[in-house]
Amino acid sequence: MLDKSYEPQKKESLIYKKWEDNKCFKPYSDFHKDSNQENYTIIMPPPNITGQLHIGHALNNTTQDFFIRYKRMQGYNTLWIPGTDHASIATEVKIIDSLKKEGLSKEKLGRDEFLRRAWQWNDKYGGRIKLQLKSLGCSCDWDRCAFTMDEQRQKSVLHVFKSLYDEGYIFRGEKLINWCPTCKTALSDAEVEHIDEDSSLWYIRYPYADDSGYLVVATTRPETIFGDVCVAVNPEDERYKDKIGKYVVLPIINKKIPIISDNYVEKDFGTGVVKITPAHDFNDYEVGRRHGFEPIKIMNLDGTMNEFCGKYANLDRYKCRELLVADLKSLDLIEKIEPYRLPKATCYRCHNAIEPMMSKQWFMNMQEMAKLGLDAVDNGELEIVPKRVEKIYRNWLENIKDWCISRQLWWGHRIPAYYCKDCGNSMVELSAPSKCSKCGSDHIEQDPDVLDTWFSSALWPFSTLGYPDDTADLNRFFPTSTLVTAQDIIFFWVARMVMLSKKIMDKTPFSKVLINGIVRDDEGKKMSKSSNNGVDPIEIIEKYGADSLRLSLLFGNGTGNDFRFSEEKILEDRKFINKVFNSGKFLELVLSQTYETKLDKSKLNMFDKWIYSKLDEAITEINKLVDNLDICQAVNKMYSFVWDDFCNYYIEFSKPYVYNEDKEIRANACAILKDVYLNILKLLHPIIPFITEDIYSNFTNELIIDKSYAESLGKFDREKEKVEKIISLIQKIRETRLSYNVAPAKRISLVIDKSNISDESINIINEAKLVLSKMINIEKIDVLDSIGNDFIKFVSELGEFYFYKNEVLDTEKEREKINKDIDKINSEIKILESRILNPNFVSRAPQQLVEKEKSRYEYLLTSKKSLEEKLHDLDKA
RNA sequence: GGGAGAUUAGCGCAGUUGGUAGAGUACCUGCCUUACAAGCAGAGGGUCAUAGGUUCGAGUCCUAUAUCUCCCACCA
């Protein structure tokens, strides 16, 4: 028995358990090793264990689950691998925060104890995430669940690191890198966020060494003056041409530095003179390198000034700036200070300012890798949806630089590099060497640093399948099929997966990438942890059920478009599920009144054939849309098929048959209704898995998740057309009744003029007699030889029809209505005339269209004429 | 500074090779019709941001402009 009403809360977890117990989420090939079904594989973007999932995750994972369930039912050998990400820096920041609350610090705890805490953290939050995914209904194979730092994934990371090191793609060196003084680690370029901030442009006077006045330098960072190695002007700048090669004296520290020329300098900005600080600015680093200057480091790793800065040493850089500017002012070396808005580089995790610093780090050379990434889209191995995202992807790869992969953190994959304390030799090995390969010393130390968290994520498509081991999974499921993810990690993750998969596995890791839009709150703001407007999917699921949430996420949202989340939308969409549920109730009711249901294909009536045709049409369309990753339109199609075609019409059509006195008719009608309904459940299962499973189990002993996708009994064009005509007649009758204010309960007669209607129409109407009487309260159908004045006429596609005046008439209403109709027709006639009377249209538009428009025009003219006649008759009467 | 997207009914949105604007919801009218009032049947409501252009024909293609959002970026 179905529940009294749709109440999802109680049942969903039980249903999920049933799926798990029956191993429904496992690929078919796990049980049938020699299965040759085509594979369909998705790797889940592993959520960070920093916290819990929000609606954006729910959107991505619902999308993935939709594809997986759909493909599973279509007979693919499906595998969806779930997992979580250790999120090195993000998690470490969180743990440090929580330690702070206990009055602890990471240094106090020590590395081992800190890591123990981190693993505890993983147990807690990783577990919560899995729970959330299960509540959402995700049908992923939990036995294959991976964690970016579990044993197998550590092994993958080691192997990839070593092989890229051996090939020379990974190297160690001292370069200018992004340094977060708060997190105290290096960051990659991708991890730096630029935020516009109000600041100033300081114009500082640099006296010439020969005492002939001074040069004015405009800078946004006066405190880096200690690291200046020269000042630069544009070689074409007339103002300074004769100064090139001369020297200026750095204020405060009184150091002589040269004036050089470089094209990098823009004449029109500031004073056209730039101070060059190679150790603390990326452009200056390049300029310095071009002109052979050694960078001078002036900052400590915590963002304070170093001993090189005299009395400013150990001051925070901003404090230093303040004092220095004051000092310069008192020396009259500040020409002016202008307000200036500049993009401030900040850490994507702690949001504090980062500093470019010289530091010894590990890097990955990306030049060749980027080509691999570009090839993938160029030669069609990888399709990115929506298409526009491809440009973003391409642009990033075209401007890529070396990837700084080492982090001065503890939570992460420790770099497998070992240094000999005696001879300084460095070794990269899969396991810790006991002796130095060069001098034989056993004073060996592992590099204390860990890898960028995105290094391990980049290997996800093959690390999850068992790389570097030669596993059955790797052979069977790599490369995977579709990747579904959010747009903010295209660079961090998607591009790097493509590059590394091509490099390591020699294959593009997936053939399609679907990039979902951003989830916003109901005010249109981006949902994020920092704005604290995130919504926990569990909360919504408890309130409305997972199916409602899933439907709401998938329905009415264009592919790749941003999505505005609101509870109202969930309430709106839930109505659809309720509708599906209630149609199940109806089926249950009619089945309970029937002893036998047997589907006899030879006994389909025209309505049955119509619904099967519509079903067939819907399936075909949905297949096409899903293949194009257009879930939005696919769900739209399901919605209108189920609600409009099935519920509003077919169920009503079926009533005279399922309640028929003839047992045989009744049995067959019930069987057909059931068949169509079960197919509808299959159609909908990928969007709303729980309710469809629940209802399906009510009518069968099988699990819908395992069944094949919806399939129609056939396609019947002639009957389809007939029923469409019936439908339009029904609509016309309803409209006419309403316009004459005929009470819905009043049974009236439908009249046909025998001389003015085709035999076919009469046949169709006879066939639909039962239905018409039921749906629009038609008492009887009179076929008359001729029609006089006592009738109300209306036209449908089946021909001309009449009501008895005395049954329906209200003269005033009638006149109003006819006038309205004439107005409508007139405006359409106008539009048509503008075309068919236009010789250009007639000669250049497709002939078919011209014909169509012409016949429509003729039809309108006759209709108009008959309406005018009617009006005339009315006036007479 | 560069790039991308958005702008369609009161609201939040769909609209895939250019061919007379669509569903949901809200509002209005009438119905508690034996699956469903979380429903049924109807009605109204849009010069598709603006201005040009291409075309017989533009929400759809092109060019500008405006407003909003997002991404990228070293003009010190």
Side-chain angles (χ1 to χ4, degrees), chain A residues 2 5-6 194 201 217-221 224 232 264-266 268-277 281-287 340 342-343 345 356 386 388-389 391-392 395-396 399 487-488 490-491 517-518 520 522 524-526 555-564 566 568-569 571-590 624-625 628 630 632-633 636 639-640 643-644 647-648 651-652 655 659 731 734-735 737-739 741 743-745 774-777 827-828 831-832 834-835 838-846 849-850 852-853 856:
Chain A
L2 288 173
S5 58
Y6 172 54
H194 295 269
L201 197 55
V217 174
T219 180
T220 54
R221 304 214 53 187
T224 60
Y264 151 70
V265 181
E266 298 280 333
D268 302 333
F269 188 86
T271 58
V273 186
V274 186
K275 62 194 264 322
I276 302 298
T277 321
D281 183 282
F282 286 97
N283 291 310
D284 294 5
Y285 182 74
E286 290 303 319
V287 176
Y340 186 67
L342 82 166
R388 60 186 147 82
V389 176
K391 225 186 255 178
I392 302 174
N395 190 269
W396 189 74
N399 296 296
Q487 58 188 30
D488 50 349
I490 295 168
F491 313 133
I518 292 171
R520 302 168 180 285
D522 47 12
K525 284 199 208 111
K526 182 176 170 178
F555 181 54
N557 299 115
T559 309
N561 287 357
D562 288 356
F563 169 64
R564 194 176 285 212
S566 74
E568 285 99 276
K569 182 166 189 314
L571 281 168
E572 285 169 18
D573 295 341
R574 189 182 57 171
K575 292 182 180 178
F576 176 70
I577 304 178
N578 188 57
K579 189 76 183 172
V580 173
F581 177 82
N582 276 310
S583 44
K585 293 286 284 183
F586 174 70
L587 177 63
E588 186 177 53
L589 179 79
V590 298
K624 212 171 89 191
L625 290 165
N628 291 335
D630 194 347
C632 170
Q633 296 298 324
N636 261 329
Y639 193 101
S640 68
W643 202 314
D644 300 341
C647 292
N648 285 356
I651 285 188
E652 296 307 320
K655 279 178 181 172
Y659 290 131
Q731 286 167 344
R734 280 175 175 161
E735 197 185 305
R737 284 184 65 127
L738 219 75
S739 69
N741 261 348
K774 175 84 193 156
M775 286 179 77
I776 41 181
N777 249 340
S827 62
E828 200 180 339
I831 293 169
L832 284 177
S834 77
R835 299 175 148 203
N838 176 350
N840 281 327
F841 175 78
V842 177
S843 61
R844 300 195 200 187
L849 185 73
V850 175
K852 200 180 128 197
E853 302 284 53
R856 173 80 186 157

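Letters A, B, ... mirror the listed sequences (proteins, then strands); counts begin at 1. Please read these numbers as outputs of a predicted model, since none were measured by experiment.
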> Whole Å only: how far is the CG atom of A:Asn399 from the P atom of B:A73?
9 Å
> List the protein contact pattern of nucleotides 8-18 of chain B with one symbol per nucleotide (5' to 3'): B for base contact, S for sugar-phosphate-only contact, - for none; contact means a heavy-atom distance under 4.0 Å.
----SSSSB--
> Please determine whether ring-ring contact (aromatic ring centres under 6.0 Å, His included) holds for the pair A:Phe269 and A:Tyr340, giving the CA-CA distance in whole Å, both sets of side-chain angles, and the decisive distance to 0.1 Å.
CA-CA 12 Å; A:Phe269 188 86; A:Tyr340 186 67; 5.8 Å; yes
> Taking the side chain of A:Phe269 as heavy atoms from C-beta outward, which of B:A76, B:C74, B:C70 is closest to it?
B:A76
> Would you measure the distance from the P atom in B:A43 across to the matching atom in B:G24 and give it in whole Å?
13 Å
> Nearest to the side chain of A:Arg388 - B:C72, B:G5, B:A76?
B:G5
> Return the value, rounded to whole Å, for the distance between atom CD1 of A:Ile392 and atom C1' of B:C71.
6 Å
> Tell me whether the rings of A:Tyr639 and A:Phe555 are parallel (<30°), tilted (30 to 60°) or perpendicular (>60°).
parallel
> If you compare every side-chain N and O of A:His194 against the phosphate oxygens of B:C74 (OP1, OP2), does one of them come in below 4.0 Å?
yes
> To the nearest Å, give me how far apart CZ (A:Arg737) and P (B:G42) are.
12 Å
> Quickly work out the A:Tyr639 OH to B:G22 P distance and round it to whole Å.
18 Å
> Can you tell me how far P in B:G44 sits from the matching atom in B:A37, rounded to whole Å?
27 Å
> Does any N or O in the side chain of A:Glu853 come within less than 3.5 Å of the main-chain N or O of A:Arg835, such that one atom is a donor and the other an acceptor?
no
> Using atom P of each nucleotide, how far apart are B:A6 and B:C61 to the nearest Å?
10 Å
> Starting at atom CZ of A:Phe491, determine the distance to atom C1' of B:G3, rounded to an integer number of angstrom.
11 Å
> Please check: side-chain N/O of A:Asn395 versus main-chain N/O of A:Lys391, any donor-acceptor pairing under 3.5 Å?
no
> Sticking with atom P, work out how far B:U67 lies from B:A26, rounded to a whole angstrom.
35 Å
> To the nearest Å, give me how far apart CD1 (A:Ile776) and P (B:A41) are.
13 Å
> Would you find a donor on one side and an acceptor on the other, under 3.5 Å apart, between the side chain of A:Arg737 and the backbone of A:Ile776?
yes
> Roughly, in whole Å, what's the span from CG in A:Asn283 to P in B:A76?
9 Å
> Can you name the closest pair of heavy atoms from A:Lys275 and A:Arg221 and give their distance?
NZ-O, 3.7 Å
> Which is true for A:Glu588 with a 4.0 Å heavy-atom rule: it touches a base, it touches only sugar-phosphate, or it touches nothing?
nothing
> In terms of side-chain heavy atoms of A:Asn395, which of B:C72, B:G19, B:G24 is nearest?
B:C72
> Using the C1' atom on both, measure B:C27 against B:A9 and round to a whole Å.
12 Å
> Mind checking A:Tyr264 for me? I need base, sugar-phosphate or nothing, with any heavy atom below 4.0 Å counting as a touch.
base
> Whole Å only: how far is the NZ atom of A:Lys852 from the P atom of B:U20?
6 Å
> Taking the P atom in each of B:G30 and B:C48, what is the distance between them to the nearest angstrom?
33 Å
> So that I can compare with my own list, what are the stems of RNA chain B, taken as at least three consecutive Watson-Crick or G-U pairs with distances under 3.5 Å?
B:1-7 with B:66-72, B:28-31 with B:39-42, B:49-53 with B:61-65
> Mind checking the P distance from B:U50 to B:U55? Whole angstroms is fine.
23 Å
> Expressed in whole Å, how much space separates the P atoms belonging to B:A23 and B:U33?
27 Å
> Of all heavy-atom pairs between A:Asp284 and A:Asp281, which one has the smallest distance, and what is that distance?
N-OD1, 3.0 Å
> For a quick check of understanding: with a heavy-atom distance under 4.0 Å over all strands, which category does A:Val842 fall into, base, sugar-phosphate or nothing?
nothing
> Base, sugar-phosphate, or nothing for A:Pro356, non-hydrogen atoms under 4.0 angstrom?
nothing
> Would you give a per-nucleotide map of nucleotides 26-39 of chain B, 5' to 3', where B means the base has a protein non-hydrogen atom under 4.0 Å away, S means only the sugar-phosphate does, and - means neither?
--------BBB-BS
> Looking at every strand, decide which applies to A:Arg221 at a 4.0 Å heavy-atom threshold: base, sugar-phosphate, or nothing.
nothing
